[in-house]
**Q** 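The structure's right below; bear with me while I get my questions together.
All values derive from a computational prediction rather than experimental measurement.
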Amino acid sequence: MALALPTGTVQAQQPKEVKVGLIAPLSGLYARPGQVMRMGAEMAVEKVNAEGGIKSLGGAKLKLVVLDSGDSTEKAKNAAQRMVADEPDLVAATGAYLSSFTLAVTEVTERAKLPVLTLSYSDMITERGFKYIFQTSATSGSQAVQSLPVILATAKAAGANPKTVAIVTDNTAASISSVKPMREKLLKEYGLQLVVDETFTPPLADATPLVQKIRTTRPDLFFFLPTVISDAKLVLEKMNEFGLGKGRIPTIAFGIAMFEPDMLKTMSPELLDGMIGAVGSWGSKGHEDIIAELKKKYNEPWMTQNAISTYADILVMRDALEKAGKADRESVAEALRTMDGGPSKFYPSGKIKFGPDGRREGAGLTIIQWQNAVPVTIYPPELAMAKANWPKK
């Protein structure tokens, strides 16, 4: 016969709160994306708690722990070391924006067996055989493979027939991973000739030499991969100064530096109009309620991948905790490994299911375009909020 436990004993087994972490840059060059990630995390934690917390843990509330990863890989690694040392009861975390930071952070969290979800793109993040990293976005290499045919089809539908390409990228991990398949095979497969191939270290001091090479070669497509907003502005302003702006050379970015609201603080919308970007996720059709909440709560004009992906990461942690029924790292990690959450709502394409390497199965991408001073989704069709407008020379 089972013995009845005193009510107080049962209640004591359930935590009143469960700590989840966000490690992101809140200072330095990358502070803006980190601040937006914090907004997404806060919104999701408030949602979970308002809906009754973690029901399998007796309604335990989520508590968000935020750590500043700073603006260098060394600072990010130090922040991760503080996180695992000072917060032993943290059950999962999300971060760390830049792939270079995520690579450094997860060296620490892997040893601590702390499950980490990330929107960072670099293929290397899930190529190391780690067991506690879960990549929700399509990898950089996958994004290049997925986006190039869409971009070329968009050009051809508008009567353009690109033959030559320029690549200018910074040397961060995600950017390097994005251009690698283009350099090695994709451009050749699609009959494109690489006429400019430049890599720089952020932040840029002078964009003139880079843009001068573009002016000399006049490529049909310009792939630009900055991760710092100031670098994006510097190059685009120089492009316009040299008479190459306003769609004269169609410009495609990977990542969101060129699509942050801050771009409008010193650049006119006309200089941005028509630029296309491939990103891991974006506030799109079907996300109207949380986009409206973000605007009301934080006065943000639109929802970038950093807000929506971090929002989604917290909800995945919630589901893992519900599945695990325990507030410990190993149980949450195992719940993530065995999760099969059906169609993904806040990440494009695929399901909330991770492969043995930690990559989300079927992860797609979102293609966006500056139109009338707003970056809107133009692909995939089920998320699109506008039709693509191929820039006219």
Side-chain angles (χ1 to χ4, degrees), residues 19-42 44 63-137 139-140 170-177 202 227-228 255-256 280-281 305-307 309-314 316-317 320 329-330 332-333 336-337 354 357-360:
K19 289 184 180 179
V20 293
L22 167 66
I23 182 166
L26 300 171
S27 59
L29 280 175
Y30 306 100
R32 168 69 186 166
Q35 290 161 358
V36 177
M37 290 172 74
R38 183 173 189 161
M39 295 172 195
E42 289 175 347
K63 181 179 180 181
L64 183 66
V65 177
V66 181
L67 286 102
D68 179 9
S69 61
D71 58 2
S72 70
T73 54
E74 183 179 0
K75 291 178 183 176
K77 190 171 185 177
N78 289 339
Q81 289 169 338
R82 290 197 305 277
M83 180 169 70
V84 299
D86 297 344
E87 305 290 346
D89 48 354
L90 202 65
V91 298
T94 177
Y97 177 58
L98 210 62
S99 289
S100 304
F101 294 179
T102 303
L103 286 164
V105 164
T106 49
E107 291 285 343
V108 176
T109 55
E110 184 74 9
R111 290 196 294 273
K113 298 185 176 181
L114 176 68
V116 173
L117 292 108
T118 186
L119 64 83
S120 298
Y121 297 168
S122 173
D123 297 59
M124 292 186 289
I125 290 169
T126 39
E127 286 177 344
R128 297 171 293 173
F130 284 9
K131 302 299 183 187
Y132 297 88
I133 180 70
F134 301 89
Q135 192 170 28
T136 58
S137 64
T139 66
S140 300
D170 70 20
N171 60 359
T172 58
S175 299
I176 294 300
S177 291
T227 51
V228 179
I256 70 156
S281 185
Q305 67 167 12
N306 298 308
S309 293
T310 311
Y311 180 91
D313 287 355
I314 297 293
V316 171
M317 292 180 200
R329 296 176 182 180
E330 192 57 60
V332 171
L336 289 167
R337 293 184 195 115
F354 298 95
D357 54 5
R359 291 180 181 172
R360 187 170 65 84

**Q** Side-chain contact test, heavy atoms from C-beta onward, threshold under 4.5 Å: evaluate it for P25 versus D71 and give yes or no.
**A** no

**Q** First locate atom CD of Q135, then atom CG of L117, and finally report the distance between them rounded to the nearest 0.5 Å.
**A** 10.5 Å

**Q** I'd like to know if the side chain of E107 and the backbone of K77 have a donor-acceptor N/O pair within less than 3.5 Å.
**A** no

**Q** Could you go through the side-chain contact (heavy atoms from CB on, under 4.5 Å) check for L67 and R82 one step at a time?
**A** CA-CA 9 Å; L67 286 102; R82 290 197 305 277; 4.3 Å; yes

**Q** Are any side-chain N or O atoms of T102 and backbone N or O atoms of A96, one a donor and one an acceptor, separated by less than 3.5 Å?
**A** yes

**Q** Indicate yes or no: does E87 engage R329 in a salt bridge with an N to O separation below 4.0 Å.
**A** no

**Q** Parallel, tilted or perpendicular for F101 and Y30, by the 30°/60° rule?
**A** perpendicular

**Q** Find out whether R128 and L103 are in side-chain contact, i.e. whether some heavy atom of one side chain is under 4.5 Å from a heavy atom of the other.
**A** yes

**Q** Please report the interatomic distance CG(D123) to OG1(T139), rounded to the nearest 0.5 Å.
**A** 3.5 Å

**Q** Would you mind telling me which of V84, L114, I23 makes a side-chain contact (heavy atoms from CB on, under 4.5 Å) with V108?
**A** V84

**Q** Just by modelled atom types, is the L22 backbone N or O under 3.5 Å from a matching donor or acceptor in the T94 side chain?
**A** no

**Q** When you check the side-chain N and O atoms of T136 and R360, is any donor under 3.5 Å from an acceptor?
**A** no

**Q** Ignoring hydrogens and geometry beyond distance, is a side-chain donor-acceptor pair present between S27 and D68 at under 3.5 Å?
**A** yes

**Q** Using modelled atom types only, decide if a donor and an acceptor are shared between the side chain of S140 and the backbone of A174 within a distance under 3.5 Å.
**A** yes

**Q** In the structure I gave you, are the side-chain heavy atoms of Y97 and M37 within less than 4.5 Å of one another anywhere?
**A** yes

**Q** V20 and V65: side-chain contact (heavy atoms from CB on, under 4.5 Å), yes or no, with the steps?
**A** CA-CA 6 Å; V20 293; V65 177; over 6 Å; no

**Q** Distance check, rounded to the nearest 0.5 Å: L98 atom CG versus S120 atom OG?
**A** 7.0 Å

**Q** Could you tell me whether a side-chain N or O of T118 sits under 3.5 Å from a main-chain N or O of G95, the two making a donor and an acceptor?
**A** yes

**Q** Assess whether side-chain hydrogen bond (donor to acceptor under 3.5 Å, both in side chains) is satisfied between Y311 and E42, documenting all intermediate values.
**A** CA-CA 8 Å; Y311 180 91; E42 289 175 347; over 6 Å; no

**Q** Determine whether a donor-acceptor pair (N or O, by modelled atom type, separation under 3.5 Å) exists between the side chain of R337 and the backbone of K131.
**A** yes

**Q** Does a side chain donor of either T106 or T109 reach within less than 3.5 Å of an acceptor in the other side chain?
**A** no

**Q** Could you check whether any side-chain N or O of S175 sits under 3.5 Å from a backbone N or O of N171, counting only pairs where one atom can act as donor and the other as acceptor?
**A** no

**Q** Taking the side chain from S309 and the backbone from L119, do they hold a donor-acceptor pair closer than 3.5 Å?
**A** no

**Q** To the nearest 0.5 angstrom, please state how far the OG atom of S69 sits from the CG atom of N78.
**A** 11.0 Å

**Q** side-chain contact (heavy atoms from CB on, under 4.5 Å) between L90 and M83: does it pass, once the steps are laid out?
**A** CA-CA 8 Å; L90 202 65; M83 180 169 70; 3.5 Å; yes

**Q** Taking atom NZ of K63 as the centre, does the number of heavy atoms from other residues, nucleotides or ligands within less than 6.0 Å exceed 12?
**A** no

**Q** State, to 0.1 Å, how close P115 and V332 come at their nearest heavy-atom pair, and which atoms those are.
**A** CG-CG1, 4.2 Å

**Q** How many angstroms lie between atom CD1 of I256 and atom CZ of R32, to the nearest 0.5 angstrom?
**A** 8.5 Å

**Q** Can a cation-pi geometry be assigned to R111 and Y132, taking NZ or CZ under 6.0 Å from the six-membered ring centre and within 45° of the ring axis?
**A** no

**Q** How long is the gap from CD1 on I133 to CD on E127, to the nearest 0.5 Å?
**A** 13.0 Å

